[in-house]
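Written below as structure tokens is the structure these notes are about.
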Amino acid sequence: ERLKGAPVDGIVSDIEMPEMDGLDLVRHLKADPGFDGIPMLAISTIEEKVMRSRAVDAGFDDFCPKSNLPKVGETILGMLTNSAARTSDA
């Protein structure tokens with residue numbers, strides 16, 4: 001609810017959260033047409049081999065392990081750059 005109507009360039013979500021995990025969150029957001037085209041990145045301490053496919057299957061655009069912060073930063077920058085390029089092409 002907090003995101004509705006707010007300008008959003010991208011979403012980064014942890015997989016492990018208390019009330020709604022990141023997988024449920026992304027499914028909820030992807031069901032809302034207002035979030036079409038917004039890049040979504042999952043992060044977690046859960047082993048990458050296990051979590052990457054689950055995250056992408058749920059609707060995230062990519063997954064990064066929290067243990068690799070430089071990769072998290074690079075991925076966010078790449079997603080935002082690609083999003084901006086798509087927006088300017090429209």
Side-chain angles (χ1 to χ4, degrees):
E1 287 296 312
R2 289 185 223 175
L3 294 175
K4 288 208 179 219
V8 177
D9 294 321
I11 294 172
V12 178
S13 176
D14 197 337
I15 295 295
E16 302 171 283
M17 299 187 296
E19 294 177 29
M20 176 187 288
D21 71 23
L23 301 176
D24 288 336
L25 172 67
V26 77
R27 287 182 194 110
H28 179 76
L29 294 175
K30 290 289 185 171
D32 183 332
F35 291 95
D36 283 348
I38 295 175
M40 299 184 192
L41 172 67
I43 59 172
S44 181
T45 58
I46 300 171
E47 186 177 340
E48 184 173 6
K49 287 186 246 180
V50 173
M51 191 47 64
R52 175 178 292 283
S53 64
R54 287 183 61 203
V56 172
D57 288 347
F60 282 102
D61 296 295
D62 206 345
F63 170 86
C64 287
K66 282 185 181 180
S67 61
N68 191 344
L69 289 179
K71 173 134 173 81
V72 172
E74 289 171 19
T75 303
I76 292 169
L77 182 60
M79 291 173 78
L80 293 176
T81 301
N82 290 338
S83 180
R86 282 192 306 271
T87 302
S88 68
D89 289 343

- prompt: Between CD1 of Ile43 and CZ of Phe60, what distance do you get to the nearest 0.5 Å?
  reply: 9.5 Å
Close side-chain approach of [X] and [Y], heavy atoms under 4.5 Å:
X     : Y     : answer
Lys66 : Ser44 : no
Asn68 : Val72 : no
Ser13 : Met17 : yes
Phe63 : Met51 : yes
Asp21 : Glu16 : no
Leu41 : Asp61 : no
Ile15 : Leu23 : yes

message: Walk me through whether Phe35 and Ile11 qualify under side-chain contact (heavy atoms from CB on, under 4.5 Å).
response: CA-CA 10 Å; Phe35 291 95; Ile11 294 172; 4.1 Å; yes
Arg54 bridged to Asp57 by N-O distance under 4.0 Å: no
message: Do the side chains of Arg52 and Asp62 get close enough for a salt bridge, i.e. N-O under 4.0 angstrom?
response: yes
- prompt: Of all heavy-atom pairs between Pro39 and Met79, which one has the smallest distance, and what is that distance?
  reply: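 Of all heavy-atom pairs spanning Pro39 and Met79, the closest is CB-CE, 3.3 Å.
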query: Is Val8 reachable from Leu77 through a run of I, L, V, M, F, W or Y residues, each pair having side-chain heavy atoms under 4.5 Å apart?
result: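 In one cluster with Leu77: Val8, no.
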